[in-house]
*Asks:* 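Sending over a structure as C-alpha cells; questions will come in a sec.
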Amino acid sequence: MSTENPDLTIEAANAPRPSGLSGFGLADWLCLASAPTFAIMALLTAAYGGQDMMCMSGPGASVLSGMVPMYILMAAFHLAPWLRLVARRA
C-alpha cells in the first residue's frame, strides 16, 4: 500500500509550467537545439560538402535529392518547439 496522497499527485501533474525559460528541462533544450543544428549542417554541407557520392543520383534526379535539402527539411520539421516557445511568449 502506498503512502502517497493520490490527490497531490494529480495536482502536481496538472500544475501549469512556468512560462519563462527557467522551467525548461533537458529534453526541452534538446528539442530547441535540433532545428538550428540541422540548419547549420545544411549551410556547412552546401559550402564545404561538395558532392556526396552516396547521395548523388543520375542526371534526371529530383531537386530534393542530396544532403543539403535533407538537412533543410529536417530543420523545418523540427521547428515545432520554436513555434511553441514563440506562441507561449506572445
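Hydrogens, waters and symmetry mates play no part in the numbers below; they use all other heavy atoms, side chains included. Position 1 is the first residue of the sequence; numbering continues from there.
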*Asks:* Same cluster or not: L43 versus M67, using hydrophobic residues (I, L, V, M, F, W, Y) connected whenever any side-chain heavy atoms lie under 4.5 Å apart?
*Replies:* no
*Asks:* Between T45 and A42, is there a donor-acceptor pair closer than 3.5 Å when you use the side chain of the first and the backbone of the second?
*Replies:* no
*Asks:* Report the residues that fulfil side-chain contact (heavy atoms from CB on, under 4.5 Å) with L44, sequence neighbours left out, ordered by chain and then residue number.
*Replies:* I40, Y48
*Asks:* Please round to the nearest 0.5 Å and tell me the distance separating atom SG of C31 and atom NE2 of H78.
*Replies:* 8.0 Å
*Asks:* How long is the straight-line distance from CZ of R84 back to CZ of R89, given to the nearest 0.5 Å?
*Replies:* 15.5 Å
*Asks:* Considering all heavy atoms of both residues, which atom of L79 and which atom of A35 are nearest to each other, and what is their separation?
*Replies:* CD2-CB, 3.9 Å
*Asks:* For A75 and A39, which heavy atoms make the closest approach, and how far apart are they?
*Replies:* CB-N, 3.9 Å
*Asks:* Would a distance-only check, ignoring hydrogens and angles, find a side-chain to backbone donor-acceptor pair under 3.5 Å from W82 to L32?
*Replies:* yes
*Asks:* Going by the rule ring pair (Phe, Tyr, Trp, His ring centres under 6.0 Å), which residues pair with Y71 if we only count those two or more places apart in sequence or in a different chain?
*Replies:* none
